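Reminder, nothing fancy here: chain letters follow the sequence lines and each chain counts from 1. Given the structure is predicted, the values throughout are model-derived calculations rather than measurements.
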Amino acid sequence: MTATIDLQKTHAAESSGGGFLRRLNFGTGIIFGVIGALLGYFLPHHFFDNQGSAYADQCTVISAVGWVVGFWFGIGALAGPFKWFLGWDQTHADEMYLAGKNQGKKRYWKYCTDHKVVGVQYLVLAMVLLGAGGILAMLIRTDLISPGTHFVNQQVYNSFLSLHGMLMIISLIIAVAGPWGNFVMPIQCGARDMAFPRLNALSLWTVVAAAVPLLTTLFIGGIQDGWTTYAPISIQTGIGMNTFAIAIITFVISTTVAGVNTVCTIMTMRTTGMSLDRLPIFTWASLIGGALGLYAMPFFATAMTMTILDRSAGTSFFSADSGGTGWLWENMFWLMGHPEVYVILIPAVGALLEIATVFSRKPLFSYKTAIGGMAGIAGLSILVWAHHMFTTGWAPQLGGPFMLTTELISIPTGIIFLVAVGTIWRGNLWMKTPLIWLMGFIANFIIGGVTGIYLSDIPVDNTMHGTMFVVAHFHYVFVGSVLFGAIGAVYFWFPKISGRFLDEKLGRISFWLAFIGVQVTFLAMFVSGLRGMPRRYASYQPIFEHTNVISTIGAYIIMAGMLVSLANIILSWRSGEPSGPNPWQSKTLEWLVPTPVPLENFEVLPVIESDPYTYGEKEGAHA
Amino acid sequence: MKYGRALLTSLLATILGAVVIAGIAVALAHLQPHQNPYSGVVGTTSETVNGQQVSVKHVALSLATYPDSLFTGQPHGANGGAHPDWVSYNHDNLVVPANSIVTITLDQYDSGGALNNSFFGQVRGTLGGTATFSTWGYAGCDPSTFVCTSTAKQSLADNGVKSTLTSNQWPYYSVGHTFTLRSTGSAPALLVSVPLPAVYGDKDGAFYGPQTTPNAIGGTYPIQHTTVTFSFKVKGPGVYQWNCEYPCGVKTGNFGEAMSTYGYMSGTLTVK
Amino acid sequence: MANNNSQKFSLKSFLAIWAILTAIGIWISIKGTPWLMMKSASHQMHTAILTVIVFSVAAAPVAAGIYAVQIYALAKWRYKGEGVPPDAEPLRNNVKAVSAWIGVSALLTTFLLIWGLAALASDENVSGPRPMTVNVTGQQWLWSFQYPIAQTLLHHNVESNVLEIPLNNQANFNITSVDVTHGFWVPSLGVKVDANPGAITTLSVIPNKLGVYDIRCVELCGLNHSAMITKAYVVTEKQFLTWLKAQPASQPVATATVKN
Amino acid sequence: MSSNTITHEADHGHHEAPEVVEGRQRLGIWLFIVGDVIMLASFLFTYLYLRGTNTGNGWMTYLEGDTSAANFGKPVHEKVLSSGLNWAIVAVTVLSAAVIWFGEKHLRSRQKGAGSFSLIASLGAILALAATVLTIMQLRSIDEHIPYHVLSQNAHEFVYTAYGSAEILLNGSSLLHLIILAFLGFGLAIRASKGLVSSEGLKWSQARFVRFFWVWVALGSVITAAVTSLVNK
């Protein structure tokens, strides 16, 4: 560790100076962001007629846009295009400075283009958003402990459930693809950095730019329409909906650009010999997840643009009185919505399959089928969106076709199980925490998957749609499968980013608390749903009391599990047991480079001769 | 890390988390937008239960609906709170004893128009199924269509005539607000819905008949306003929700802002 | 680093675990589902409960199989030594297993689809005696029902906030909303469709059991969404007529928003 | 891939060959255009879906909300936007794309073409600005058609019909794209005048990628105009 720091110090002279742009960091980002927000709020006095009922909306929208542009300027994101326009190209010294050369811990607070720094920044950001969403989850569950409303009425409760939903969706989208799609994937490809390093920094800081207006929504009256913000109530609800919409459009920019970056890195920057059939499975998952994100996200931006226009410009996309229809929103939202949940699932599955091979000391079972499974899920996910709308009555005759495509998706999903189970089959199971989280994933994902099949059948969906059954289904997939995968990935790759192990005992305690918590909370939620409790109710009828009490107890158990892992990360960052460069004796490239990973990853780009799963095979036996 | 220390760390982390959640919950409980409870005048009255006269608790509540939030005795603070221009009831946290008869006298100071659902033109759930509407008529206004042809200036010379009517409905095309109370599922089933007749308004939206002097935001209140009186019986303890079902807000269905916010056109009735 | 011991696998004990778990799964599906779910009062709800049972029974062996592998793997193949375990046998692929797995899941999916489409068809062709139309209006935070049959029988309009429908007669619902999207759901009748502003969605059902059933809103509609509940009374035809006559005459229908 | 594969040397030092970098950037711009194609597809889906649903046949008819108008409260059929202006915008956009196309071809053929390319790029950018002005005029004409619409208590309220809204979405999007094109065009012009855009290696690829995007925006405006003029009767 110390050897590399001395090396960097000698080059310190080369990257000093460079004027105003070098001093921009997260702090100046916030300052300029706030300036932009204030300007945006007060400028409209001159342009818009302040009698109209949409005046407050117009000011809020422009203020939120002011924040985003101000933050981009303050963090240094707009420097690139501005310098390109005027022809002031960056010198090599500038690029090294931007890559965080010789800047120590400061670079984590700056617009840094080193994919490893962006990876750690994504990890911290995902944990912060997960924490915020988690607090809201606990408040919701605490309020639902008995039929009436307690410390929060339906109006505030609606804001909590809306923000809980969106914060968790955003944090899970970036929970695996962010930290490990950025830190690990380029090294696994044998590349020195992402295809577009500055675009990579833009993606990270744009999520930060989106998170601020998203959280502000809670403090300016909140929203009443859930994270799915169905129209036309999204047009009726308070001004919080404007900051929510701008936050989503900003997040869409970040994810679309990240999709472009990921796909380009994997397709064009693999080192010699790293053909597509030798790519680690996690890199394949990042590729498919990135491409699916690039396809799905523009729909979300269009939908939110229409919501903003309806609220503040007097258009009528969604108001039935003047030709609009709520079904337009539902179609546009779910065209993004379902591919998005697979953008969340696939990277987590990729990380878990890597864990399966390393901790069973066995090659990945049926490599090509695994990729086929993931690609099948991604492809089909584009054709299934209207199964969320079976009971909206928008097109009853389309019920059959969407039932077909939705039930077909269970075949590629079945392949994911086959590959996971096939990999641990007759393996030497090394009982470390990552493998235990994988076991948790398999157990939970089977329940999540099967209950999905019930909902794909219209007669059952006519009973189950909009009830707690659906909530339990997608929590089994999001919490039980994706979050378990994300935490397993942290326990697996933590030694690579910090040079220290996460503590095994805390890991076990955290797992068992989370696993038992998930079963208690969401099995009881299945029963609430089967008994007919609708979702998003702040107060419910007495017949649902028992299952809700059990769910609330389970929620506190999950909270305990999450906090134990958080404590584990905080404690182990400095005082964890040193792990060395390849503690798990894994064969993928990121473990074959030193820890901490040098700036350009490889002294010399490696030549690859076989896939990274040659466990138990003689040298080079397998092409 | 030895097991003991790991267990201690886990316990500490969980307790810390629980404390944070409890802290936020308590803070939120205090930030509840509910105004202080209003229980009106409690007395007793008699009720014939299968032939005999039985004395039962009686509560007299006096509610009011205003065209903005600047009326006296304000629940929204001196300058009308965050939204002085929002329509509002004068209370939102009603508390009545269990198994009592509640009589509400409601002063309605706002103009109105056509309900978007004639269901709410009907008086429902009151004792005897009726309510007593006392309204003011004017020469310049046609009582059958509730439209005033002459302008505001002529209205000053036009002194109103008060009339009282006990009926089980009010024409759906001239309603100012409604008082619609129902159970929230955690209380015995109940529905009380009474239309509140609109005060006459002339073609360009001003009130007809004598009005108070304009307040801070230029709004006035009609002196000759309508009053509605009705009674209903509440059963066991529970929380009931009530709100106005006339689209007097803005945005979608004119049910936005004031209509969708506690403390303005929506509140709770807690039976203790 | 050649692998040393290829882990042994005894088919008998694996199948035993699998059989036990499948049996538990099937028992829960058949015994548990009717107890967990709401009581059925119509063909649609009966189909829903039956479908959940059948799908659970079909899913039981699949889930049990995965759990059996997990239990067996953790019991038999856990590495008990110190440090990094030796490499296991490099089982890269098993074409038979993969094709069998895909084949079985394809078969299962086809079964699910055929069952689903058949159940959907049986739910949709509802034809019962004396079809009666009820106009349902969802409004921010109250359901209201308008009975056109009162105009024909009693020559005046009847509206109520509760749904009253006669037993074994076909009830047709025309459902709309006057402000935002609501979700009209009668759980025990197993029917659900959204009430969309500016559009009329329809439902038909034949209630086959007397009783009082809940009606709930299942599409988030703002402030008092969780209070937007009312009752559906399935009564005999005689009781329905006496109830209808007892209702006060109310004003003519004036829902202004549905123009077309 | 055991540890000894790490020592092989695959590339010379840390710099990559220009054609590798250019290949990467080409895939980047193509993927970015794919994202943009899906965005335009969602706009056209909106237009066609609103047209098809025609809730309360309100696609193009509105209730006159102006209290002073004689037909107050009566349904009025809205005038269609002038397709002449629509196709004019498309023509100017396509023209600007053609200018950039030939400018880039001219730059590639002659070694010393950088100076004149700067002029051509500026011309392309100016044409894009011209198309922007026309689009703003089209947006304003949507405003004039229906100053007052739905009966609403608040006199300051005006609401566009579904047709007006869909046109605002499409014209707003092309406005945004044209402003980006102008930015790229003037950027290329400034860079060419500083010799940063010339006919060899990476310096040439920027002009090429801007041309890709420019041609796509022009193609997009043609598709949009075709769909809207075909459908909005």
Side-chain angles (χ1 to χ4, degrees), chain A residues 154-155 224-226 230 232-233 236 320-321 325-326 360-363 365-366 369 391-393 399-400 403-404 407-408 410-411 414 417-418 421 424 426-431 439 442-443 446 450 453-454 457-460 462-463 465-466 527 530-532 534 536-539 585 615-617, chain C residues 2-3 7 9 36-38 44-45 47-48 51-52 55 59 63 66 69-70 73 77-79 84-93 98 101-102 105-106 109 112-113 116-117 119-120 123 180-181 183 187 190-194 196-198 201 216 218-226 257:
Chain A
Q154 172 93 42
Q155 187 172 350
Q224 302 293 310
D225 41 9
Y230 267 30
I233 187 164
Q236 179 195 81
D321 302 344
T325 166
S360 314
R361 313 305 302 168
K362 248 176 92 225
F365 178 76
S366 187
T369 325
T391 63
T392 59
M403 226 163 86
L404 169 71
E407 277 172 12
L408 276 179
S410 55
I411 297 175
F417 280 105
L418 173 69
V421 162
I424 57 175
R426 293 178 62 190
N428 265 335
L429 301 184
W430 187 8
M431 296 308 288
M439 291 296 179
I442 296 175
I446 193 76
V450 163
I453 293 172
Y454 293 162
D457 177 82
I458 295 182
V460 175
N462 278 343
T463 300
H465 174 79
V527 175
L530 287 169
R531 290 213 172 120
R536 295 169 170 165
Y537 266 31
S539 67
Q585 296 306 317
Y615 297 100
E617 285 162 350
Chain C
N3 75 82
Q7 307 288 13
F9 168 66
L36 287 175
M37 286 181 79
M38 298 149 278
Q44 280 101 327
M45 189 55 189
T47 317
T51 308
V52 169
F55 279 18
I66 301 285
V69 168
Q70 272 193 298
W77 299 322
R78 239 197 349 247
Y79 172 67
V84 184
D87 290 354
E89 202 182 325
L91 308 168
R92 273 198 178 266
N93 201 354
V98 170
W101 183 276
I102 295 177
S105 47
T109 308
L112 299 183
L113 192 63
L117 289 174
L120 177 61
D123 275 3
V180 294
T181 311
V191 287
K192 174 184 296 170
V193 85
D194 279 1
N196 303 292
T201 43
R216 298 186 185 111
V218 281
E219 190 50 60
L220 183 57
C221 56
L223 188 60
N224 294 330
H225 168 60
S226 47
T257 51

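The CZ atom of A:F417 sits 6.0 Å away from atom CD1 of C:I66, with the distance rounded to the nearest 0.5 Å. With rounding to the nearest 0.5 Å, the separation of CD1 in A:I233 from OG1 in C:T181 is 8.5 Å. Note: A:N462 CG to C:Q44 CD = 8.0 Å, rounded to the nearest 0.5 Å.
In this structure a side-chain-to-backbone donor-acceptor pair under 3.5 Å is missing from A:R536 to C:H225. In this structure a side-chain-to-backbone donor-acceptor pair under 3.5 Å is missing from A:N428 to C:Y79. Using a distance-only test at 3.5 Å, with no hydrogens or angles considered, a donor-acceptor pair links the side chain of C:K192 to the main chain of A:H465. A distance-only check finds no donor-acceptor pair linking the side chain of C:D87 to the backbone of A:Y615 [under 3.5 Å]. At distances below 3.5 Å, not a single donor-acceptor pair connects side-chain atoms of C:E89 with backbone N or O atoms of A:R426.
Using a 4.5 Å cut-off between heavy atoms, A:T392 contacts chain C through both its backbone and its side chain. Contacts of C:T201 with chain A are made by side-chain atoms alone, with heavy-atom separations under 4.5 Å and no backbone atom involved. Both the backbone and the side chain of A:F365 come within contact range of chain C, with heavy atoms under 4.5 Å apart. When heavy atoms are compared at a cutoff of 4.5 Å, C:T109 approaches chain A by way of both its backbone and its side chain. Both the backbone and the side chain of A:L530 come within less than 4.5 Å of a heavy atom of chain C. Interface remark: A:I458 contributes side-chain atoms only to the contact with chain C (heavy atom separation under 4.5 Å). Heavy atoms of A:S360 lying under 4.5 Å from chain C belong exclusively to its backbone. Using a 4.5 Å cut-off between heavy atoms, A:E407 contacts chain C through both its backbone and its side chain. Contacts of A:D225 with chain C are made by backbone atoms alone, with heavy-atom separations under 4.5 Å and no side-chain atom involved.
In terms of heavy atoms, A:S366 sits closest to C:V98 at OG-CG2, 3.7 Å. The two residues C:A88 and A:K362 make their nearest non-hydrogen contact at CB-CG, 3.6 Å. The nearest pair of heavy atoms linking C:P90 to A:P363 is CA-CD, 3.5 Å. Among all heavy-atom pairs drawn from C:P197 and A:A320, the shortest one is O-CB, 3.4 Å. Across every non-hydrogen atom of A:V450 and C:A59, the tightest pair is CG1-CB, 3.6 Å. Taking every heavy atom of both residues into account, A:R531 and C:M38 meet most closely at O-CG, 3.4 Å.
Tested against A:D457, the residues C:T51, C:L112, C:V52, C:L117 include a single side chain to side chain contact (heavy atoms under 4.5 Å, CB included) partner, C:T51.
Interface check for chain A: of the options C:A63, C:G183, C:P187, C:P85, the most heavy-atom pairs under 4.5 Å are formed by C:P85. When the candidates A:G393, A:G466, A:P459 are compared by the number of heavy-atom contacts under 4.5 Å with chain C, A:P459 comes out ahead.
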### Task
Apply side-chain contact (heavy atoms from CB on, under 4.5 Å) to A:Q224 and C:L220, showing your working.
CA-CA 8 Å; A:Q224 302 293 310; C:L220 183 57; over 6 Å; no

#### Entry: Derivation and outcome, side-chain contact (heavy atoms from CB on, under 4.5 Å), residues C:V84 and A:R361
CA-CA 9 Å; C:V84 184; A:R361 313 305 302 168; 3.7 Å; yes

